[in-house]
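One structure below.
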Amino acid sequence: MTITIALDAMGGDHAPRAVIDGALLAEKRNPKVQFILVGQEEAIHKELDQAGVARDRFGIRHASQVVAMDEKPATAMRTKRDSSIRVGANMVKSREVDALVSSGNTGALMAIARYVLKTLPGIDRPAIASIVPSIPGKTLMLDLGANVDCSVDHLCQFTLMGRVFAESYWGMDNPRIGLLNIGEEEMKGNEVVRQAGEILKQTEKFFIGNVEATDVFLGGVDVVVCDGFVGNVSLKTAEGVAKMLSHFLKEAFGQSLLSKIGYLFAAPALKKFRSRVDPREYNGALLLGLNGVVVKSHGGADGLAFSTAIQTAVKLATHQVTDKIRQNVIPMQEAEKK
């Protein structure tokens, strides 16, 4: 099975160089996967030349327009029909490629991808999902910002998509799924969360109930479901705490000669710690629920971070996560009619 991935070469703070560097790194891990750089051909050729990479190393699809990082999604939808994001989404729709990876404008990517690809039958809204580090390994969180206000049905649909992801992407037989709440007790939370919990308790065999934000990182749950407002705040808070701890460590080890000497002894352990929590190793948010694979890379991603997002897209396509979500939605709809 040959996998072909479209890469938005114009999206992000460091494009197209970071995209090309990411493609080169991803190529080493996936020698049989093909990559197509989507964007302004002249700019891509110039960057390939500067990087010492042959122009025919990757496929190139010309797109004359670029969506700015601060551009309004509605404007991009209306005036940028030949943007790298739009052309890449069309390539996914036509099945010319198996996935699109972009570091571009998040709002524009979501709006364009949803307009071009549409949502899967039975899925009202796509969700932004991301893999975050935890003590046992990794945890999937969704939604992380696509849907600020969610209904009970939306949370149930996110749960289904999260379960299918864990089963097909991670190969889990019994993924533990929890609703993010202000406490584990069933009476906690707002009305939407409480109603969703009642339904999931009856319909989702892997549902373990409410979980708190600490559980996301300490373990005990594999998939955490929440609305986009709560999810985004939780994720940004965790990222801020990680940066603060990193700053405090650097500050502590640089205060005196003795602390600098101590750093030399602690360096191997600190290197392992940095690798475990390095956000570049978890880069790549999944737009689950679309009729096609789209992965959003962080706007400031470097080559390593972008290669991680590419790897996520490759695995999503290889394990046919989108098709499996589609197949699981049908039984859910039939159960709701009874």
Side-chain angles (χ1 to χ4, degrees), residues 73-74 76-77 85-86 89-90 92-93 99-100 102 105-130 140-169 175 177-181 189-207 210 223-235 285-296 316 320-338:
M77 284 273 293
I85 293 177
R86 185 70 169 263
N90 284 329
V92 175
K93 180 181 179 181
L100 167 65
S102 174
N105 183 312
T106 302
L109 177 64
M110 173 62 83
I112 291 172
R114 185 174 180 179
Y115 175 78
V116 172
L117 298 174
K118 306 296 186 295
T119 57
L120 291 168
I123 300 296
D124 297 328
R125 299 180 184 179
I128 297 178
S130 185
L140 181 75
M141 286 189 70
L142 72 164
D143 177 35
L144 296 178
N147 308 282
V148 175
D149 296 310
C150 291
S151 67
V152 173
D153 287 342
H154 296 148
L155 293 179
C156 292
Q157 291 169 15
F158 297 166
T159 300
L160 179 144
M161 292 192 291
R163 170 172 58 79
V164 174
F165 173 91
E167 290 174 334
S168 55
Y169 190 96
I177 304 169
L179 273 177
L180 189 58
N181 205 336
N190 59 39
E191 186 65 21
V192 171
V193 173
R194 290 200 301 270
Q195 288 185 21
E198 286 297 320
I199 292 174
L200 291 173
K201 189 167 60 174
Q202 302 298 325
T203 61
E204 179 54 67
K205 61 181 178 180
F206 300 132
F207 180 63
N210 294 328
V223 178
V224 175
V225 178
C226 54
D227 65 53
F229 183 90
V230 172
N232 191 271
V233 171
S234 299
L235 183 64
L286 334 169
L287 305 191
L288 293 181
L290 293 173
N291 193 24
V293 177
V294 178
V295 174
K296 171 64 176 72
L316 285 169
Q320 300 178 322
V321 174
T322 297
D323 291 336
K324 290 175 181 176
I325 291 175
R326 183 187 291 109
Q327 294 165 8
N328 278 264
V329 168
I330 297 174
M332 181 185 72
Q333 291 175 316
E334 292 177 347
E336 290 176 348
K337 293 178 181 178
K338 295 180 179 179

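What you see is a predicted model, and the numbers here were worked out from it, not measured in a lab. Residue numbers start at 1 and run along the sequence shown.
- For Ser151, the side chain to side chain donor-acceptor pair (under 3.5 Å) partners at least two apart in sequence or on another chain are His154.
- Residues that satisfy the side-chain contact (heavy atoms from CB on, under 4.5 Å) test with Lys118, not counting sequence neighbours, are absent from this structure.
- Put simply, CG on Asn105 and NZ on Lys296 are 8.0 Å apart, with the number rounded to the nearest 0.5 Å.
- The distance from atom CE of Met141 to atom CG of Leu180, rounded to the nearest 0.5 Å, is 5.5 Å.
- Leu140 and Gly162 get closest at one heavy-atom pair: CD2-CA, 3.9 Å.
- With sequence neighbours left out, Asp124 forms a side chain to side chain donor-acceptor pair (under 3.5 Å) with Gln157.
- Nearest heavy atoms, Met110 versus Leu287: CE-CD2, 3.8 Å.
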Test side-chain contact (heavy atoms from CB on, under 4.5 Å) on Asn90 and Val116 and set out the steps.
-> CA-CA 7 Å; Asn90 284 329; Val116 172; 3.3 Å; yes
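- Every residue two or more places apart in sequence or in another chain that forms a side chain to side chain donor-acceptor pair (under 3.5 Å) with Glu191 is listed here: Arg194, Gln195.
- Closest of all the heavy-atom pairs between Ile112 and Ala89 is CG2-CB, 4.3 Å.
- In this structure, the separation between CG on Asp323 and CG on Leu120 is 8.5 Å, given to the nearest 0.5 Å.
- For NZ of Lys93, the number of neighbouring non-hydrogen atoms (other residues, nucleotides, ligands) closer than 6.0 Å is 12 at most.
- With sequence neighbours excluded, the residues forming a side-chain contact (heavy atoms from CB on, under 4.5 Å) with Val192 are Val152, Leu155, Asn190, listed by chain and number.
- A pairwise comparison of heavy atoms in Ile128 and Ala285 identifies CG2-CB, 3.7 Å as the closest pair.
- Annotation: salt bridge (charged side-chain N to carboxylate O under 4.0 Å, His left out) contacts of Arg86 (sequence neighbours excluded): none.
- Of all heavy-atom pairs spanning Ala127 and Asn147, the tightest one is CA-ND2, 4.1 Å.
- Nearest heavy-atom pair across Cys156 and Ile199 is SG-CG2, 3.9 Å.
- Listed by chain and residue number, nothing satisfies the ring pair (Phe, Tyr, Trp, His ring centres under 6.0 Å) test with Phe207 (two or more places apart in sequence, or in another chain).
- In this view, Asn291 and Arg326 satisfy the side chain to side chain donor-acceptor pair (under 3.5 Å) rule, not counting sequence neighbours.
- Two residues are said to be in side-chain contact when any heavy atoms from C-beta on lie closer than 4.5 Å; Ile325 and Leu160 meet this criterion.
- Partners of Ser130 according to the side-chain contact (heavy atoms from CB on, under 4.5 Å) rule, which considers only residues two or more places apart in sequence or in another chain, are Leu144.
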Show your working on side-chain contact (heavy atoms from CB on, under 4.5 Å) between Phe165 and Leu316 and close with a plain yes or no.
-> CA-CA 9 Å; Phe165 173 91; Leu316 285 169; 3.9 Å; yes
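- Rounding to the nearest 0.5 Å places SG of Cys226 at 7.0 Å from CG of Asp143.
- Scanning for side-chain contact (heavy atoms from CB on, under 4.5 Å) contacts around Ala166 gives Trp170, Met172, Pro175, Val223, with sequence neighbours left out.
- With rounding to the nearest 0.5 angstrom, the CG atom of Leu286 is 9.0 Å from the CG atom of Leu142.
- Within a 6.0 Å sphere centred on CZ of Phe229, heavy atoms belonging to other residues, nucleotides or ligands number 12 at most.
- Interatomic distance, CG of Leu100 versus CG of Leu117, reported as 8.5 Å (0.5 Å rounding).
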